[in-house]
Amino acid sequence: MSDAATALREPWPDLDRQRDGVSVGIWLFIASEVLFFGALFLGYAVYRALYPEAFRIAGAETEVFYGSVNLLLLLTSSVTMTIAVDASRHGMRRTVIACLALTILLGAAFLMFKGLEYSADIAKGLLPGAHFPLQPPQTQLFWGLYWVMTGVHAIHLAIGIAIVGVFALILWRRLLPIESPAMLGVATYWHFVDTVWIILFPLLYLVDRS
Amino acid sequence: MTIDSFMTAASDYANEVDGTFWVLVVISSLITLLVAALIAGFSLRYRRGSTAPRGPLSERFGRDVEIGWTVATLFLFLFIFWWAASNQLSALNVPGHAMEIHVVAKQWMWRVQQPGGAREINEIHVPENVPIRLVMTSEDVIHDLFLPTMRLKQDVLPGRYTYLWFTATKTGVFHLTCAEYCGTDHSVMAGRLVVMTAPDYARWTNAQPEADDLAHQGEAVFHSLGCSGCHAPTSSIHAPDLHGLYGRAVPLADGRVVTADEAYLRDSILLPAKDIVAGYAPIMPSFRSAVTEDDLVKLIAYLKSLSSSPDAGVSPASGKERAGGTPALPGDRRMGAPQ
Amino acid sequence: MTDAAIADAAVDTQPASYLTAGHTLLSWLTTTDHKRIAILYAVSITLFFFIGGIAIGLVRLELMTPQGLFLTSEAYNRLFSLHGIIMVWFFLVPSIPATMGNFLLPLMIGAHDVAFPRLNLFSWYLYVFGAAFTVYALISGGVDTGWTFYTPLSTSYATGYVVAAATGVFVVGFSSIATGVNFIATAHMLRAPGMTWFRLPLFVWAMYTVSMVMVLATPVLAMSLLLVIAERAFGLPIFDAARGGDPVLFQHLFWFYSHPAVYIMVLPAMGVVSEVIPCFARRTIFGYAFMVYALIAIAVVGFMVWGHHMFVAGQSPLANLVFSFLSFIVAVPSAIKVFNWTATLHRGEITFEAPMLYALGFVGLFTIGGLTGLFLASVPIDIHATDTYFVIAHFHFVMVGGTVSAYMAGLHFWWPKVTGRMYSEAWARFAAITTFLGFNATFLPQFVMGWNGMPRRYHYYPDVFQAWHVMSSVGALILAVAYVLPLIYFGWSLIYGRRAGANPWNATGLEWQTSSPPPKENFHRIPRVDVEPYAYDAFVHLPMADNRTPPSLPSPASGGG
């Protein structure tokens, strides 16, 4: 059962144009996010080029296990999200909502493991400051960037979970049809958050780790 | 303080900058007058109700004019760029025998160390007609040393050395000021640049209380901090020999080759793990907590002296040109650390 | 009662429009109508304009004597910092795009609204949220880092409310990004049938290019401020030299945004001027295509010149050379625009209503501002002039003499469309001329002071500069009066102003083909476009006698209003 009429919003003349509009809008937003994270990656690149040895020493302390588990979780969540998008195109209501729910669960699991990882990091004293356990001092640069990069990513993920959650609720309550153009926007954002982790993972967890 | 103490051109370079400035003023004024005259003229001639001829211009005329003034503007701007750039480039080469004065900026004062050992606060005494190279660093935030009569300024950064060089051609007392907002008393972080004739400068230097020169003081710091424990040739620890180090190319463990300039020496003392020399283990501890900025200035002066007279260890320094001189480093530039 | 009075009385009943569609405060605060959102923005930025203006008024008063009058250095430093932060992010950046862009973009392209109306409202709430942080910082005592937040002063040494102020700017940046996303999608997807790219008014092109810059540059500012907050609030070292960090890295990140930001402030102004001058010269814009390419060139090359703010920061001479070169290049398209506006006057039929006075003022003042930019693009000149009043004068010429003049031009030009009322032309002209004179009196002395060595951000200064400072402060007083006047006569016009027709200026452009004020849905029927923009030349072919009274534009084949 499709309900095209309720999906069309002002000021769009037709649903196809609206769908394209959502696409344009979300990709522009992704572009801005690329520059947002890009500035961070630039800082990382500059300091890693300046202090390769310190970054090697500092990078050896990251929790590869948690990082890898999280990578798998997010990659899987992108699969479930993709299935949801495809199902929405075919009007498969139950599949869509189930996949969105799975995506949320996987994202929440990521955050849980992240919390465990942060506890482990803190237990090792890896908070930059007077009692930082590693030498030389530039290892604190790596760890400062670590906390900012993973923190900002986690916030993006949390926002993503909230958005997917609200969207799933809206679909479940039939406030929007399953084929809603908003699906693509939500999915694109989710894939972007996943992509950021795919880039972060080697930068933080695979520094000279063979 | 008179406008002279700000605006007098006290070096040849300052005169060149002024020349460029006035050329730009003339060009800009002409363009501004042209635009203003056209706007005023058209406004008058083509105001509603006037009898001037109207009607469209031919499209080709419009396009030709458009291309014409685009190209003309581009050429004019490129010309100005070239003129200014040639000013900039010719000022980049520091004379090899420049006299080095160390400046440490902190909120909200300037501490100056003359090569002869004299210390000054908020004042820099220099002899005229001698190239002066200021080696500057900050203890806290970013400051900027501004010498208006030299038409020069340079940001002074924490954790790094930056440089300014000039040759004063006029004696007098000139303004020196901070030109990078640095907190509450930024506007009173000012001082004087005192340019004297060479004999006056020599007299002034000799009258200063600190008799010992920087390099000697540096040697004392070198021993008191225990550096010779590892770096002396007789030490059992495998540490790089520091004789002749300054100015030399140093191969590093990661394959790069760097020049041992002031920044390298400073980093080696404060952040020894940053650039490990090839063939050596990274065992040197950091002296960050043990050494002050003033100590660093002295240590670096001492290490430099190890290069100018490899066997003597310390060269006799005077207020002006040092025997043997300061080697002009390949990367030495007016602005910023060597590349 | 005379016939005229009866007619006036009949006309004076409020016609149905977007203004009458809902009278409650809630209807305004939950609106998704781009026109109402534009007004929400206009009220907000006007408030902040005057807050920022009062701050600098106090500063200019303090600068009347070299040793200060009534402020401590702490207070002085916080006032000029506040002035910069408020004026840049809470006035200039949103000014023309969020008010006129929001109101006019859908009208000019023949759409019912922007692409994402709810995102539009959200962007205003982001502005308000960001403003709240800044007001909190202000009330708590202010921030003292300058609007540039340089490290390590901002991260480790400043005593003011850096985190609050930086958070405020961080949040309001996302308002910018949201607006930019909206405008680009709108321009791409919602143009009326027949409205091809090269039939768009230059104002739309300006909104489009400025939106690209907002979307791509603002995130870098957001990250640079986030890193400052991370270091200051959480002790995470990013720029700390003692641990190997580089304070100059902050400057690169900051200026990578803040240079394009000045084009964010200037491109919309150029768009406004390109609408006003053809209308009051009754001629099509000279060189439409080149004007479009110039907008695009400024937006693109504007991303490549940020290092010219850092010639003395410790960059290599090679970097200085490259940035200097590119800075000269970016000046060329701006110069072309100045020539084209001037050429548009040629063979026109010129009248001098307030919008035109402001627009012509823009051209002159922007020319001076831009030429002094060439001074600063020359490295040896900049080494002397940077961080002095020369730079302050330069950027005020382009941002105030430029952008604010254009903002005023646009405000007057579209006031009848937005409110349905005419303002008092006599008072408006008086204000325009007073603005021009007051502005020059304020900022021309600053060029002289700056070249003579007067540094910027100075509370106390050497006696020699007092005469210039006094001149500048007196000019600022005149300017202040000129800025308060519009509040009065615009306010008056809302109640007593003559009701405006659909097209009081006989201008081209789709926004004039609908009523003043427009109906909520903009057009009763989406128009179809088949004419080139700025078709004013149609008039000029008429014989001389008829040129005295410009006839109204023939109505298009289909149309609304």
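Keep in mind that this is a model prediction, so the values were computed, not measured. Just so we're on the same page: letters track the sequence lines, and every chain starts at 1.
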With a 4.5 Å cut-off on side-chain heavy atoms, are [Y] and [X] touching?
| X | Y | result |
| --- | --- | --- |
| A:Leu40 | C:Leu227 | yes |
| C:Ile238 | A:Leu145 | yes |
| C:Leu190 | A:Pro13 | yes |
| A:Arg9 | C:Arg118 | yes |
| C:Leu249 | A:Tyr47 | yes |
| A:Phe36 | C:Leu226 | yes |
| A:Leu35 | C:Phe256 | yes |

Select one option (side chain, backbone, both, neither) describing which atoms of [X] are under 4.5 Å from chain A's heavy atoms.
| X | value |
| --- | --- |
| C:Asp246 | both |
| C:Pro117 | side chain |
| C:Ala242 | backbone |
| C:Ala115 | both |
| C:Leu253 | side chain |

If you count the non-hydrogen atoms of other residues, nucleotides and ligands that lie under 6.0 Å from [atom1] in [X], is the total more than 12?
| X | atom1 | value |
| --- | --- | --- |
| C:Tyr125 | OH | yes |
| A:Phe41 | CZ | yes |
| C:Trp197 | CH2 | yes |
| C:Trp28 | CH2 | yes |
| A:Phe192 | CZ | yes |
| C:Phe129 | CZ | no |

Whether C:Phe116 and A:Trp12 hold their rings parallel, tilted or perpendicular, with breakpoints at 30° and 60°
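It falls in the tilted class, 30° to 60°.
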
Based on non-hydrogen pairs under 4.5 Å, which of C:Pro106, C:Ala222, C:Ala178 is most in contact with chain A?
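Of C:Pro106, C:Ala222, C:Ala178, C:Ala222 has the most heavy-atom pairs under 4.5 Å with chain A.
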
Between C:Arg243, C:His112, C:Met214, the one whose heavy-atom pairs under 4.5 Å with chain A are most numerous
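Sorted descending by pairs with chain A, the first entry is C:Arg243.
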
Closest contact, heavy atoms only, [X] versus [Y]:
| X | Y | answer |
| --- | --- | --- |
| A:Ala39 | C:Val220 | CB-CG1, 4.2 Å |
| A:Val148 | C:Ala230 | CG2-CB, 3.8 Å |
| A:Ser32 | C:Ile177 | OG-CG2, 3.7 Å |

What's the spacing between [X] [atom1] and [Y] [atom2] if we round to 0.5 Å?
| X | Y | atom1 | atom2 | result |
| --- | --- | --- | --- | --- |
| C:Lys520 | A:Glu10 | NZ | CD | 7.5 Å |
| C:Ile184 | A:Phe29 | CD1 | CZ | 13.5 Å |
| C:His188 | A:Ser23 | NE2 | OG | 12.0 Å |
| C:His252 | A:Leu42 | NE2 | CG | 9.0 Å |

So for A:Val34, is it side chain, backbone, both, or neither that comes closer than 4.5 Å to the heavy atoms of chain C?
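Neither part.
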
With a 4.5 angstrom heavy-atom cut-off, which part of A:Leu50 approaches chain C: side chain, backbone, both or neither?
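Contact with chain C involves no heavy atom of A:Leu50 at all.
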
In terms of heavy-atom pairs under 4.5 Å with chain C, which of A:Pro128, A:Ala31, A:Gly43, A:Gly129 leads?
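So the answer, after comparing A:Pro128, A:Ala31, A:Gly43, A:Gly129, is A:Pro128.
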
